[in-house]
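Accompanying notes for the structure given below.
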Amino acid sequence: MKNYSYFPGCSSEATAKGLGLSVQAIAKTLDMELIELENWTCCGSTPYGSLSEREAILVAARNLALAEKTGLDMVTPCSSCFVTLYGANLRLKQHPQLMGEVNEALAIINLEYHGEVRVRHLIEVVFNEVTPEVITSKVKRSLNGLKVAPYYGCQMVRPDYGFDDPEFPQSLDILVNSLGGEAVPYPLKNRCCGGSLIISEEGLALGLIRKLLENAVENGAQCIITPCPLCQTNLDAYQSRVNSKFKAHYNLPVLFTSQLIGIALGIDPISLGLNTNIVSPSKMLDYIYKVKQGVESGA
Amino acid sequence: MKSFVDEVVATPGGENIRACIQCGVCTGSCPVANEMEYPPREIIAMIRAGMRNEVLSSNSMWYCLSCYMCTVRCPRGIKPTEIAHTLECLANQQGFRVKGTRTPAMYRSFVSSIKGNGRVHELGMMFRYYMTTNPLAALKMLPVGLKLFLRHRMPLIPKRVKGKEDLSKLIQKFAEIRGSE
């Protein structure tokens, strides 16, 4: 069992409740001890950084300083928190003057940051430390060739973390296959879903979401998976809006990567928060559960 | 007063803007370039030409989705995504009014939710956003909101966050240290 300082992110408790629940549910089985960072607040977020860049870095720095005290790697399941915390960490290390000002402010709440935290995306940890091979050995319910469109979104692979390829990522494809599923070709796998502009520019974002759904269906996917709370909400909760705007009939479940891993690990659907998904995953669950399970008794 | 291009160069991420060769890969990679008054390549040219008012009053940077495709592909190491964030901050701080986008109002609602709760409370954020822009548009969003609520994804009351007071103190102190940005 390895310990991590866990940063859930705001949405893991709300719009992306299925993410928070499923990550907690799979962690133990994967020998990860996720210790929730005490008194964490908003990561600093892109909207914050778009109004006041330095103040957003300050907010991130408070979380980084708290994580540094634990001496553990800081792991977040949220791609947006990841890009923010990772970026702020880099900026602070590259700009000593900014670090100085931030630390001067942090002193008032008895914190100090030295730039020593390693910020990591949960998927990167699962891929590099748990590894697909070990996951395969823990599979209790093979996905039985379930056709899955792996949707990476943007901020798990860009701008540049040295983890997966920013244009042709593979990690989710490999994870899907390690669960007994089949990752279908998905050319738009790293294109943007519209992010938070779904609120202020809905028509624009719905057009981007439609392309992503269409591309998954064209390639025979029975579901889409994604690690990102914003991508999941856009593709899942706004699917009906896409249908009414474009007179379409999409009915494609959109799961968190951690939910799909949990299904294959034999964890029950409620613990994985599958009841919080808006497009019902029942048809794909029937497909997985009803097909004869060869490895179930032995695993 | 610093020239506009120097101002951008001085911000984190703006360093390489003088290296731009106007190849247009950023614009070609941007999923929303055709929504912008001036697409990314043009914005960079305008910054270098010192067109401060035209740039900061445009809607271009407010359309940036932070997908970082331009940043990954730029052959000159320029980070147009970061430049967009910088321009948003400058426009916001210098009080530029932007026509044709509600994104600044949405971001402000988002940040005020963070400052009020320590974390984002989505329902409160949405409420504030619709009240400051177009309350009637909220009706259109009710079905989506209701679906999220029924699946326990839209808490009515913000969670009590212990770090909230510390965060307020910190932000206040930082403002004192920096003076007004």
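Values below: all heavy atoms of this structure, side chains included; hydrogens, waters and symmetry mates excluded. Per chain, numbering begins at 1; letters A, B, ... match sequence-line order.
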| Out of B:Met61, B:Glu176, B:Glu165, B:Lys159, which one racks up the most heavy-atom pairs below 4.5 Å with chain A? | B:Lys159

| task | Pick whichever of B:Lys79, B:Met106, B:Gln172 has the most heavy-atom pairs under 4.5 Å with chain A. | result | B:Met106

| Looking only at heavy atoms, what is the nearest atom pair of B:His85 and A:Ser50, with distance? | CD2-OG, 3.8 Å

| Smallest separation among heavy atoms of B:Pro12 and A:His95, with atom names | CB-CE1, 4.1 Å

| Option that, when pairs with chain A are counted at under 4.5 Å, heavy atom only, ranks first among B:Glu82, B:Met126, B:Lys140, B:Glu88 | B:Glu88

| request: Check A:Ala237 against B:Leu148 and note the closest heavy-atom contact, atom names and distance. | output: CB-CD2, 4.0 Å

| note | Applying a strict 4.5 Å limit to non-hydrogen atoms, the region of B:Thr101 in contact with chain A is both

| Is a side-chain N or O of B:Arg102 found less than 3.5 angstrom from the main chain of A:Ser200, in a donor-acceptor match? | no

| B:Thr71 to A:Pro159 - nearest heavy-atom pair and separation | CG2-CB, 4.2 Å

| field | B:Ile114 versus A:Ser45, closest heavy-atom pair with distance | value | CD1-OG, 3.7 Å

| field | Minimal non-hydrogen separation, A:Ile108 against B:Leu170, with atom names | value | CG2-CA, 4.4 Å

| task | Answer yes or no: is there a donor N or O on one side and an acceptor on the other, between the side chain of A:Arg158 and the main chain of B:Cys67, under 3.5 Å? | result | yes

| said: For chain B, which candidate among A:Ala107, A:Ala14, A:Gly87, A:Gly195 shows the most heavy-atom pairs at distances under 4.5 Å? | reply: A:Ala14

| task | Using non-hydrogen atoms and a 4.5 Å limit, figure out which bit of A:Leu106 sits close to chain B: side chain, backbone, both or neither. | result | both

| query | What part of A:Val83 is in contact with chain B, defined as an atom under 4.5 angstrom from a non-hydrogen atom: side chain, backbone, both or neither? | reply | side chain

| note | Of A:Cys193, A:Gly273, A:Cys154, the largest count of non-hydrogen pairs under 4.5 angstrom with chain B goes to A:Cys154

| message | Before you tell me yes or no, could you show the steps for A:Thr41 and B:Lys164 under side-chain contact (heavy atoms from CB on, under 4.5 Å), namely the whole-Å CA-CA distance, both residues' side-chain angles and the distance that decides it to 0.1 Å? | response | CA-CA 7 Å; A:Thr41 58; B:Lys164 186 177 108 177; 5.9 Å; no

| Most chain B-contacting option - heavy-atom pairs closer than 4.5 Å, from A:Glu202, A:Glu38, A:Arg91, A:Glu13 | A:Arg91

| Using non-hydrogen atoms only, which part of A:Ser11 is less than 4.5 Å away from chain B: side chain, backbone, both, or neither? | both

| Which residue out of B:Tyr107, B:Trp62, B:Tyr63, B:Tyr129 racks up the most heavy-atom pairs below 4.5 Å with chain A? | B:Tyr107

| request: Taking atom NZ of A:Lys69 as the centre, report whether more than 12 heavy atoms of other residues, nucleotides or ligands fall under 6.0 Å from it. | output: no

| Sub-4.5 Å side-chain heavy-atom contact between B:Val72 and A:Asp160 | no

| request: Run the salt-bridge test on B:Lys115 and A:Glu55 with the 4.0 Å N-O cut-off and return the result as yes or no. | output: yes

| note | Cut-off 4.5 Å, heavy atoms of chain B, and the answer for A:Ile199 is both

| said: Let's test your reading of the structure: which of B:Leu123, B:Val161, B:Thr86, B:Ile177 forms the most heavy-atom pairs below 4.5 Å with chain A? | reply: B:Ile177

| note | Residue from A:Gly194, A:Ser196, A:Ser240 scoring the most non-hydrogen pairs under 4.5 Å with chain B is A:Ser196

| remark: Separation between OG1 (A:Thr15) and CZ (B:Phe149), nearest 0.5 Å, reads 14.5 Å

| For A:Glu201, is it the side chain, the backbone, both or neither that has a heavy atom under 4.5 Å from a heavy atom of chain B? | side chain

| message | I need the residue from A:Asn275, A:Asn39, A:Thr233, A:Leu58 with the largest number of non-hydrogen atom pairs under 4.5 Å to chain B. | response | A:Leu58

| said: Please identify, among A:Thr276, A:Leu98, A:Val102, A:Leu51, the residue contributing the most non-hydrogen atom pairs under 4.5 Å to chain B. | reply: A:Leu51

| remark: Output for pair (B:Thr11 OG1, A:Glu53 CD), nearest 0.5 Å, gives 6.0 Å

| task | Look at B:His121, B:Met141, B:Lys169 and state which one has the largest set of heavy-atom pairs under 4.5 Å with chain A. | result | B:Met141

| request: Step through the shown structure and confirm whether more than 12 heavy atoms of other residues, nucleotides or ligands are within 6.0 Å of CZ on B:Phe127. | output: no

| task | May I ask you to say whether A:Glu104 pairs ionically with B:Lys173, meaning some side-chain N is under 4.0 Å from a carboxylate O? | result | no

| remark: Separation between OG1 (A:Thr46) and CZ (B:Phe110), nearest 0.5 Å, reads 8.0 Å

| Heavy-atom contact with chain B under 4.5 Å, split by part of A:Gln94 | neither

| query | Is it the case that more than 12 heavy atoms not belonging to B:Ile157 sit under 6.0 Å from its CD1 atom? | reply | no

| query | Quick one: CZ on B:Arg153 to NZ on A:Lys17, what's the gap to the nearest 0.5 Å? | reply | 11.0 Å

| remark: Taking a cut-off of under 4.5 angstrom between non-hydrogen atoms, the residues of residues 23-42 of chain B near chain A are B:Pro31, B:Val32, B:Glu35

| query | In Å and rounded to the nearest 0.5 Å, what is the SG to OH distance from B:Cys89 to A:Tyr48? | reply | 11.0 Å

| Taking atom NZ of B:Lys147 and atom CG of A:Asp236, what is their separation to the nearest 0.5 Å? | 9.5 Å

